[in-house]
Each structure stands twice: as structure tokens, then as C-alpha cells.
Amino acid sequence: MNVFRRGYAMASSSAASLRQARKVVCIGRNYADHIAELNSARPKQPFYFLKPTSSILLPGEGPVIRPKGVEISYEVELALIIGKTLKDFPVEDETGAIDAIESYALGIDMTGRNVQWEAKKKGLPWTISKGFDTFLPMSNLIPKSAIPNPHAIELYLSVNNEVRQNDSTNLFLFRIPQILNAISQVMTLEKGDIVLTGTPKGVGPVLPGEVMRAGIRVDGKEIEESKIEVAVEESTGTYAYSET
């Protein structure tokens with residue numbers, strides 16, 4: 001096995017540990033410009049929802065599958081991989097918040113936008129819009145040493161090499177201590193859990209045949225482990241979305 005293949009195999013094996021997460025908690029509306037582009041209300045405290053771990057798509061596992069009748073959108077996000085049990089985490093403990101993170105990753109929170117809009121309009125849960133298989137492409141794990149300050153990194157995503165999202169986490173409305181505090185007061189965060197920290201402006205549709213590429217830059221330098229390259233394909237299955 002050559003050095004490249006050995007390194008890729010080790011990274012892929014490391015990323016496979018993401019499937020051991022008990023839950024994936026996703027922060028919504030954590031960038032002001034993203035709130036504005038979707039005409040959403042600005043939350044007074046961190047707002048979150050869950051994605052099933054079955055939606056995780058590891059590097060090299062294949063394409064994002066668009067279910068029939070579903071209009072899908074991308075949302076690139078920094079992921080925190082929790083390293084210890086957290087309950088009622090104190091909001092003022094910024095050092096403790098970083099210590100509680102075992103590693104980082106990049107994720108693309110795929111969303112069935114028409115499914116979500118219909119559910120919101122009718123006051124229904126929108127789990128379906130977030131929960132399809134392959135709806136969470138993830139990067140390889142990123143060591144903490146590669147991200148000295150998670151509040152000062154650049155996230156980007158392109159579709160067919162056209163940049164659609166490119167912003168800094170210094171635009172977070174709620175920083176990591178507030179995020180961990182809000183979640184852990186309601187549900188215990190456990191070792192291996194994944195927390196997605198919200199997406200910046202520029203979300204939009206992606207179609208079968210298109211390719212998404214995403215990554216993280218620190219001080220202008222790209223983190224190799226953060227890179228995601230994933231195509232989109234139309235589902236060949238029997239499911240077809242219909243109005244509730």
C-alpha cells in the first residue's frame with residue numbers, strides 16, 4: 001500500500017467513527033445574513049433540531065441522493081465532535097467548551113427545501129426534510145490542533161466550481177459555549193455526538209449531475225482533512241414526496 005492510499009485508508013477509518021454518534025444536533029439560524037435570506041425570525045437563544053445518524057454520508061461512500069419530488073439545498077457547517085459527557089454546561093466557560101470538543105469535521109446539512117416550507121406553513125415537524133439517507137455528507141475528522149480558534153475559520157462551498165458559500169465563523173450569533181449550554185440543558189451531550197454549528201449565507205439548490213466541493217481555511221490555508229467532494233444523483237427508489 002503506497003503512502004497516499006495508507007493515509008486515505010486511515011482517514012476513512014477515522015471518519016467511520018462518526019457513525020458511533022448517538023445523535024446529530026444542528027443549530028439553526030446562527031448567521032444573521034442566512035436568517036435574512038430565508039426571511040426567518042432571529043432567535044433569542046440557540047435554536048436546534050436533530051438529524052438521524054443514518055443520514056451521515058462518509059467520504060468516498062457515494063453521491064447525495066435526491067428523492068423524487070424533493071428540491072434539495074446545501075448548507076455547509078462546522079461540526080463539533082463531542083469528547084465527553086455534558087449536562088448543564090456553564091455558558092461562561094469558554095475554555096471548558098473547547099476542552100469538551102474531541103475533534104472537528106465539516107458537514108453539509110442537506111435540506112429538502114420544499115418539504116421544509118410545506119411543513120413550516122402547516123405547523124408540522126420538518127424532520128423529513130432533513131432526515132433522508134445521504135443528507136449529511138461529512139469530511140474526515142479534523143484534529144483540534146488544526147483549528148486553534150473555531151470562531152475564526154472560513155467555510156466555503158461550491159457547486160460545479162462556482163462558489164456559493166464563503167464566510168467566517170466569527171459571524172456566529174451564538175458562540176460554542178452558548179451552543180453547548182443550550183443543548184445540554186435539554187439533552188445530555190455524550191462522547192461522539194455531533195453538533196453542527198449553523199450555516200452562513202448563500203444556501204441554494206443543487207441538482208442531479210452537479211458536484212459540491214467544500215472545505216475549511218485557517219488563516220487562508222486549506223485544511224486537507226476538511227475537504228468534501230460529492231456529486232448529486234436522482235433516486236431510483238420508489239419513494240416520491242407528496243404533500244402532507
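Because the structure is predicted, anything quoted here is derived from the model rather than measured.
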remark   = Sorted by chain and residue number, the side-chain hydrogen bond (donor to acceptor under 3.5 Å, both in side chains) partners of Lys122 (sequence neighbours excluded) come out as Glu118, Glu243
request  = Tell me, please, which residues at least two apart from Gln165 pass side-chain hydrogen bond (donor to acceptor under 3.5 Å, both in side chains).
outcome  = Thr199
inquiry  = Please enumerate all residues that pass side-chain hydrogen bond (donor to acceptor under 3.5 Å, both in side chains) together with Glu224, with sequence neighbours excluded.
reply    = Lys227
remark   = Closest non-hydrogen contact found for Ser226 with Ile142 is CB-CD1, 3.6 Å
N/O donor-acceptor pairs under 3.5 Å from side chains in residues 24-46, not counting sequence neighbours:
{"from": "Arg29", "atom 1": "NH1", "to": "Ala41", "atom 2": "O", "distance (Å)": "3.3"}
{"from": "Asn30", "atom 1": "OD1", "to": "Leu173", "atom 2": "N", "distance (Å)": "3.2"}
{"from": "Asn30", "atom 1": "OD1", "to": "Phe174", "atom 2": "N", "distance (Å)": "2.7"}
{"from": "Asn30", "atom 1": "ND2", "to": "Phe174", "atom 2": "O", "distance (Å)": "3.2"}
{"from": "Asn30", "atom 1": "ND2", "to": "Thr197", "atom 2": "O", "distance (Å)": "2.9"}
{"from": "His34", "atom 1": "ND1", "to": "Glu37", "atom 2": "OE2", "distance (Å)": "2.9"}
{"from": "Glu37", "atom 1": "OE1", "to": "Gly202", "atom 2": "N", "distance (Å)": "2.9"}
{"from": "Glu37", "atom 1": "OE2", "to": "Gly202", "atom 2": "N", "distance (Å)": "3.1"}
{"from": "Glu37", "atom 1": "OE2", "to": "Val203", "atom 2": "N", "distance (Å)": "3.4"}

Using distance only, find each side-chain donor-acceptor pair of residues 83-98 under 3.5 Å and give its atom names and separation, not counting sequence neighbours.
{"from": "Asp93", "atom 1": "OD1", "to": "Gly96", "atom 2": "N", "distance (Å)": "2.7"}
{"from": "Glu94", "atom 1": "OE2", "to": "Arg175", "atom 2": "NH2", "distance (Å)": "2.6"}

note = salt bridge (charged side-chain N to carboxylate O under 4.0 Å, His left out) pairs touching residues 45-56, sequence neighbours excluded, are Lys51-Asp109
key: Sequence neighbours excluded, every pair satisfying salt bridge (charged side-chain N to carboxylate O under 4.0 Å, His left out) that has a member inside residues 182-191   = Arg22-Glu190, Lys23-Glu190, Glu102-Lys191
query = If every non-hydrogen atom of Ser17 is compared with every non-hydrogen atom of Leu141, which pair is closest and at what distance?
reply = OG-CD1, 3.5 Å
message = If the threshold is 4.0 Å, N to carboxylate O, is there a salt bridge linking Lys68 and Glu233?
response = no
request  = Can you tell me which residue pairs pass the salt bridge (charged side-chain N to carboxylate O under 4.0 Å, His left out) test with a partner in residues 134-146, sequence neighbours excluded?
outcome  = none
query = Sequence neighbours excluded, which residues qualify as side-chain hydrogen bond (donor to acceptor under 3.5 Å, both in side chains) partners of Glu75?
reply = Thr111, Arg113
key: Main-chain N/O of Leu106 paired to Ser139 side chain as donor or acceptor, under 3.5 Å   = yes
key: Residue pairs involving residues 176-189 (criterion side-chain hydrogen bond (donor to acceptor under 3.5 Å, both in side chains); sequence neighbours excluded)   = Asn181-Gln185
query = Between the main-chain N or O of Pro150 and the side-chain N or O of Thr169, is there a donor-acceptor pair closer than 3.5 Å?
reply = yes
His151 side chain vs Phe172 backbone, donor-acceptor pair below 3.5 Å = no
key: Within residues 110-148 or reaching into it, pairs that qualify as ring-ring contact (aromatic ring centres under 6.0 Å, His included) - sequence neighbours excluded   = Phe49-Trp126, Phe132-Phe135, Phe132-Tyr239
Please set out all donor-acceptor pairs under 3.5 angstrom arising from side-chain atoms of residues 212-223, sequence neighbours excluded.
{"from": "Arg213", "atom 1": "NE", "to": "Glu229", "atom 2": "OE1", "distance (Å)": "3.4"}
{"from": "Arg213", "atom 1": "NH1", "to": "Asn161", "atom 2": "OD1", "distance (Å)": "3.2"}
{"from": "Arg213", "atom 1": "NH2", "to": "Glu229", "atom 2": "OE2", "distance (Å)": "3.3"}
{"from": "Arg217", "atom 1": "NH1", "to": "Glu154", "atom 2": "OE2", "distance (Å)": "3.0"}
{"from": "Glu222", "atom 1": "OE2", "to": "Tyr156", "atom 2": "OH", "distance (Å)": "2.1"}

